[in-house]
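Worth saying up front: this structure is predicted, and the values here are computed from it rather than measured.
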Amino acid sequence: LALLHVGYANFNIGWGLMGDFKKAPQWFKKSAEAGNATGMAFYAYCLSENIGDDDTEAAKLSMLWANKALSSTDHFAIGFCHLNKIGTLG
């Protein structure tokens, strides 16, 4: 959860931190890899918007992480994916 919060603070450049918008995806990725569904959703969003990641497979990775978030029981992550139109299940 802490990884997600550091990513979110960088993403929104707030909470008293000198945030770095381009570093937020790195923290969201760490959160996602640790199993946090909201981190998965935020990381998928960053990939879909080409924020902070030059990966040529960004669209595929975005879909992968968004679908993992959509498969979770995390209502915020699911809603975030639907709101931002990322991922497709079924």
Side-chain angles (χ1 to χ4, degrees):
L1 190 57
L3 297 169
L4 172 68
H5 287 174
V6 172
Y8 190 75
N10 277 287
F11 189 75
N12 286 309
I13 307 178
W15 293 349
L17 297 176
M18 293 298 293
D20 184 343
F21 185 72
K22 295 289 184 181
K23 288 187 179 179
Q26 297 170 11
W27 290 102
F28 292 142
K29 181 179 181 182
K30 290 177 183 186
S31 177
E33 290 173 338
N36 184 289
T38 301
M40 294 173 194
F42 274 96
Y43 184 53
Y45 174 78
C46 289
L47 288 167
S48 73
E49 297 295 319
N50 295 315
I51 300 170
D53 199 327
D54 296 325
D55 196 318
T56 57
E57 298 290 314
K60 285 183 184 177
L61 286 173
S62 175
M63 188 69 69
L64 172 86
W65 284 108
N67 285 340
K68 286 184 179 190
L70 287 166
S71 296
S72 75
T73 58
D74 183 325
H75 297 284
F76 179 85
I78 293 166
F80 184 84
C81 288
H82 286 295
L83 177 68
N84 290 287
K85 298 176 176 61
I86 51 175
T88 57
L89 276 183

ILVMFWY cluster, Ile51 and Leu64 together (side-chain gap under 4.5 Å):
yes

Name every donor-acceptor pair, under 3.5 Å, that has one atom in a side chain of residues 73-84 and the other anywhere in the protein, sequence neighbours excluded.
{"from": "Asp74", "atom 1": "OD1", "to": "Phe76", "atom 2": "N", "distance (Å)": "2.9"}
{"from": "Asp74", "atom 1": "OD1", "to": "Ala77", "atom 2": "N", "distance (Å)": "2.9"}
{"from": "Asp74", "atom 1": "OD2", "to": "Thr38", "atom 2": "OG1", "distance (Å)": "2.7"}
{"from": "Asn84", "atom 1": "ND2", "to": "Phe80", "atom 2": "O", "distance (Å)": "2.9"}

Hey, does the side chain of Ser62 reach the backbone of Ala59 with a donor-acceptor pair shorter than 3.5 angstrom?
no

Just how far is it from atom OG of Ser48 to atom OH of Tyr45, taken to the nearest 0.5 Å?
6.5 Å

Might you point out which heavy atoms bring Ser72 and Ala69 nearest each other, and give the distance in Å?
OG-O, 2.6 Å

Looking only at non-hydrogen atoms, find the nearest pair between Ala58 and Asn50 and report the distance.
CB-OD1, 4.0 Å

Parallel, tilted or perpendicular, as decided by the 30° and 60° cut-offs, for the rings of Tyr43 and Trp65:
perpendicular

Count I, L, V, M, F, W, Y as connected when their side-chain heavy atoms are under 4.5 Å apart, and connections chain through other members. Are Leu61 and Met40 then in the same cluster?
yes

If you compare all heavy atoms of Ala41 against all heavy atoms of Ile86, which two are closest, and at what distance to 0.1 Å?
O-CD1, 3.7 Å

